[in-house]
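Everything below concerns the one structure shown next.
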4 protein chains.
Amino acid sequence: MPNGVMKVETLSRREREKLRQRQEMLNAALQLFTEKGYHNVSMHEIAGKAEFAIGTLYKFFRNKEDLYRALVLEQSDKLHVALATAIGEPEDEIEKLNNYIRVKGEFFRDNYAMIRIYFAESHGLSFNLMAGLDAELRERYERFLALLASVFEGAMKRKRFRRIAEPYHLAVALDSMVNAFLFLWLTNPDRLHGPEVPGAILDIFSKALISS
Amino acid sequence: MPNGVMKVETLSRREREKLRQRQEMLNAALQLFTEKGYHNVSMHEIAGKAEFAIGTLYKFFRNKEDLYRALVLEQSDKLHVALATAIGEPEDEIEKLNNYIRVKGEFFRDNYAMIRIYFAESHGLSFNLMAGLDAELRERYERFLALLASVFEGAMKRKRFRRIAEPYHLAVALDSMVNAFLFLWLTNPDRLHGPEVPGAILDIFSKALISS
Amino acid sequence: MPNGVMKVETLSRREREKLRQRQEMLNAALQLFTEKGYHNVSMHEIAGKAEFAIGTLYKFFRNKEDLYRALVLEQSDKLHVALATAIGEPEDEIEKLNNYIRVKGEFFRDNYAMIRIYFAESHGLSFNLMAGLDAELRERYERFLALLASVFEGAMKRKRFRRIAEPYHLAVALDSMVNAFLFLWLTNPDRLHGPEVPGAILDIFSKALISS
Amino acid sequence: MPNGVMKVETLSRREREKLRQRQEMLNAALQLFTEKGYHNVSMHEIAGKAEFAIGTLYKFFRNKEDLYRALVLEQSDKLHVALATAIGEPEDEIEKLNNYIRVKGEFFRDNYAMIRIYFAESHGLSFNLMAGLDAELRERYERFLALLASVFEGAMKRKRFRRIAEPYHLAVALDSMVNAFLFLWLTNPDRLHGPEVPGAILDIFSKALISS
DNA sequence: GATGAATGAGTTTTCATTCAT
DNA sequence: GATGAATGAAAACTCATTCAT
């Protein structure tokens with residue numbers, strides 16, 4: 001069962017309280033990690049910001065690494081659930097892609113802090129901050145790429161798209177472009193306005209995929 | 001004087017020796033940083049691996065940050081010089097792009113360790129490991145993007161390419177795709193063979209840019 | 001709140017315990033500093049001698065400098081409070097001077113270790129061990145000299161003493177002599193017995209100040 | 001033979017050159033020690049300021065301690081030779097004392113830098129910066145005190161001074177007062193003008209020693 | 001004989017983690 | 001069950017001293 005996805009009503013008051021505390025700790029940690037980086041944040045600092053004693057923090061997370069893992073994995077799950085939904089809902093493939101870009105953009109906008117951590121980790125850019133974390137994230141990411149590839153595959157089968165490349169490669173290409181454009185938008189808003197992102201990307205892809 | 005660009009013959013034996021030592025230190029550091037991450041590598045460890053005393057390491061680099069900076073900036077310069085040459089030489093635009101992808105691929109293959117550090121830093125994924133480093137790298141990267149954009153611009157002016165998007169946006173799109181494919185190739189060689197990379201990418205781009 | 005001036009009964013057991021620990025650390029530090037000198041004593045050594053972990057030492061004193069400052073300032077305050085009382089209580093001026101010499105002597109005897117540090121610092125002999133420390137001590141010292149000078153001033157106004165020199169200069173002269181004699185007594189007890197000190201000094205001063 | 005006191009003409013060119021180099025090193029060291037304190041000056045810094053290689057510095061002084069010793073002892077010798085001469089020349093005792101105060105004042109004025117080091121060391125205020133140094137200096141100092149005491153002794157024998165205290169104690173008293181006044185003059189020139197020093201001190205002493 | 005590159009022991013300080021209260 | 005005082009391993013960095021050139 002994905003972390004933290006559980007019917008809330010079944011939890012006792014005690015358990016709900018615990019979950020809330022855990023969330024507060026994770027929020028404090030997220031904020032500090034994004035501001036200052038994993039190694040420049042101390043457990044004391046996190047406990048202080050979350051307004052718990054250091055011992056209490058250690059009751060919830062075995063050690064600093066454990067806390068970090070939980071943080072990254074939960075956010076990653078949130079993103080991938082959102083993306084899967086975004087892709088699943090519409091009928092038309094172009095509409096699926098459009099939806100996926102929009103939802104990813106919203107997530108980036110709302111979780112910019114987290115996003116940077118996620119990328120550093122999932123794309124192997126993090127100096128192996130945590131052994132194995134990349135692998136777990138990479139796996140989640142690959143599942144998503146497969147889903148995206150299946151969209152291309154479907155559209156090709158139905159002759160909606162030309163088979164100009166492997167579906168998986170197209171998925172890689174599209175996702176990397178979306179990331180690049182979203183980063184561009186978030187870091188250089190004057191270079192690229194948010195609403196332009198889907199159009200700019202889809203222009204390129206549809207010009208290539210749909211014979212005129 | 002540009003970093004490391006100097007006629008080797010003009011150096012005294014002493015100077016050449018120094019340069020060699022410096023290189024050994026940087027190599028040891030690079031290997032350790034990539035294996036374990038900046039914060040998980042101690043100066044003692046680097047000195048040990050390079051087989052120098054800790055004091056000697058500090059003769060060459062004022063502090064750990066200085067060492068890291070040197071590492072990243074030198075590699076970044078090497079890459080960008082190579083890319084600029086690759087783009088500059090051919091006449092035909094498709095050939096320029098082809099050349100750029102090939103050279104970048106070679107650099108990735110030969111410097112995989114470094115590449116990961118470079119990306120983390122230049123794409124703002126590094127939690128501000130070093131104040132200002134990202135800015136310096138970002139600037140170098142932007143200069144390169146402008147060069148790449150000028151290739152699209154030129155080809156559009158000459159009607160070789162359709163104006164399906166801003167040249168700068170196309171540069172961003174292309175570069176992000178190249179990175180994604182190269183990472184795919186290096187991390188999942190079974191998913192994508194090296195020689196296929198240029199073709200796969202150029203297929204998409206030329207289908208989109210050149211009206212059939 | 002003045003340093004260390006607080007009704008002891010108002011402190012909780014916890015607080016009293018803390019104060020005791022702090023004292024133990026300061027005592028260990030004082031002993032080591034006097035034996036080996038500030039720069040020849042490491043924080044580890046102090047922690048070891050006080051039988052605390054190094055981390056605990058740093059809980060009480062932000063850094064080595066902070067520890068040293070506390071040491072010197074606390075003792076200086078103790079001395080000056082004692083001297084001010086000694087001078088304030090008697091009516092007769094000769095009695096005031098007598099009292100001051102006696103009290104200072106007792107303090108020297110009981111805190112010989114500290115005294116040497118105090119002198120080095122307050123008389124500018126410390127090579128600026130700590131920026132500003134001398135200034136702070138010098139200021140306390142000047143306040144004391146002014147008090148001592150006022151004794152001479154008063155006695156002169158009442159014609160008890162001849163005005164053979166500026167009151168402030170007499171204060172300087174007297175205090176330096178007292179220090180010299182006390183050091184002589186403490187380092188060469190065979191040259192000068194403790195009980196002789198006040199007499200020896202007051203002989204000189206009264207012969208000069210009181211016309212026969 | 002006291003350090004460095006030797007007929008210069010008897011030295012070969014080589015030897016004279018060496019002595020000059022040695023002096024340059026000591027001068028550089030003196031300046032740095034006084035500015036920053038023994039422990040805050042590195043041997044490299046001294047070598048650098050004196051414009052010699054570090055190895056050359058070590059040819060002249062076995063180690064840092066040795067260099068420091070040489071520095072302090074030479075200066076101490078210079079002072080004591082000057083004082084002995086000042087006391088020896090005049091016939092009259094008051095004139096001797098006057099001369100001694102004047103010469104000591106000139107030395108303080110010209111060597112303020114050194115003076116502070118000398119005091120810290122010779123008065124045991126230096127945290128035993130160097131084991132044994134204080135003893136050596138103390139011995140020189142005691143020789144001087146004996147000389148000064150003999151002046152009082154002589155004058156008492158000749159009934160020029162009243163025997164109000166032990167001659168040795170008077171020597172201690174006078175010297176401590178001279179030091180105090182000279183420090184006052186050098187650190188607070190507005191509190192006490194240089195030329196006033198001898199008068200202020202002798203006023204007190206002659207009032208006490210010479211019956212009116 | 002002079003040089004200065006190389007050495008590594010030693011210093012201050014931080015912070016993850018434990019455990020008695 | 002929560003707390004936070006105490007711990008001590010480990011890190012970055014300095015500098016007196018040596019010795020090959």
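Naming: A, B, ... by sequence-line order, numbering from 1 per chain.
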>> What's the separation between atom NZ in K18(D) and atom CD in Q23(D), rounded to the nearest 0.5 Å?
In response: 14.5 Å
> What does E17(C) touch in the nucleic acid at a heavy-atom separation under 4.0 angstrom: a base, only the sugar-phosphate, or nothing?
Replying inline: nothing
> Quick one: are Q31(A) and N27(A) in side-chain contact, heavy atoms under 4.5 Å?
Replying inline: no
> Could K59(D) and F52(D) be counted as a cation-pi pair, given that NZ or CZ must be under 6.0 Å from the ring centre and within 45° of the axis?
Replying inline: no
>> Just verifying a value: how many Å separate K49(A) NZ and L57(A) CG, rounded to the nearest 0.5 Å?
In response: 14.0 Å
> Contacts to DNA chain E from residues 42-56 of chain A, heavy-atom cutoff under 4.0 Å, which residues?
Replying inline: S42(A), M43(A), H44(A), I54(A)
> Roughly how many Å is it from CZ in F61(B) to P in dA12(F), rounded to a whole number?
Replying inline: 15 Å
>> Distance check needed: dC15(F) P versus Y58(D) OH, whole Å only.
In response: 12 Å
> What is the distance, rounded to the nearest whole Å, between atom CG of N40(D) and atom P of dC15(F)?
Replying inline: 8 Å
> How does DNA chain F look in dot-bracket notation if pairs are Watson-Crick or G-U with both distances under 3.5 Å, crossing ones as [ ], other-strand ones as |?
Replying inline: .||||||||||||||||||||
> Of L57(C) and Q21(A), whose nearest nucleotide on DNA chain F comes first from the 5' end?
Replying inline: Q21(A)
> Counting side-chain heavy atoms from C-beta on, which of dT7(E), dT3(F), dA12(F) comes nearest to K59(B)?
Replying inline: dT7(E)
>> Rounded to whole Å, how long is the line connecting atom CG of L67(C) with atom C1' of dT11(E)?
In response: 15 Å
> Roughly how many Å is it from CG in L32(A) to P in dC15(E), rounded to a whole number?
Replying inline: 13 Å
>> Could you check whether any side-chain heavy atom of E136(B) comes within less than 4.5 Å of a side-chain heavy atom of V72(B), counting everything from C-beta outward?
In response: no
> Hey, mind stepping through E65(D) and R69(D) against salt bridge (Lys or Arg N to Asp or Glu O under 4.0 Å) and telling me if it holds?
Replying inline: CA-CA 6 Å; E65(D) 186 175 322; R69(D) 272 196 137 71; 3.0 Å; yes
> Taking atom C1' of dC15(F) as reference, at what distance in whole Å does atom CG of N63(D) sit?
Replying inline: 14 Å
>> As a quick check of understanding, evaluate side chain to side chain contact (heavy atoms under 4.5 Å, CB included) for Q21(C) and E17(C), giving each step before the final call.
In response: CA-CA 6 Å; Q21(C) 291 183 325; E17(C) 172 65 6; 3.8 Å; yes
> Do the non-hydrogen side-chain atoms of H39(A) and Y38(B) ever get within less than 4.5 Å of each other?
Replying inline: no
> Once you round it to whole Å, what is the distance between C1' of dA2(E) and CE of M25(D)?
Replying inline: 10 Å
>> I want to check something: taking the side chain as every heavy atom from C-beta on, are I54(D) and I46(D) in contact at a cut-off of under 4.5 Å?
In response: no
> Rounded to the nearest Å, what distance is computed from the NE2 atom of residue H39(C) to the C1' atom of nucleotide dT11(E)?
Replying inline: 12 Å
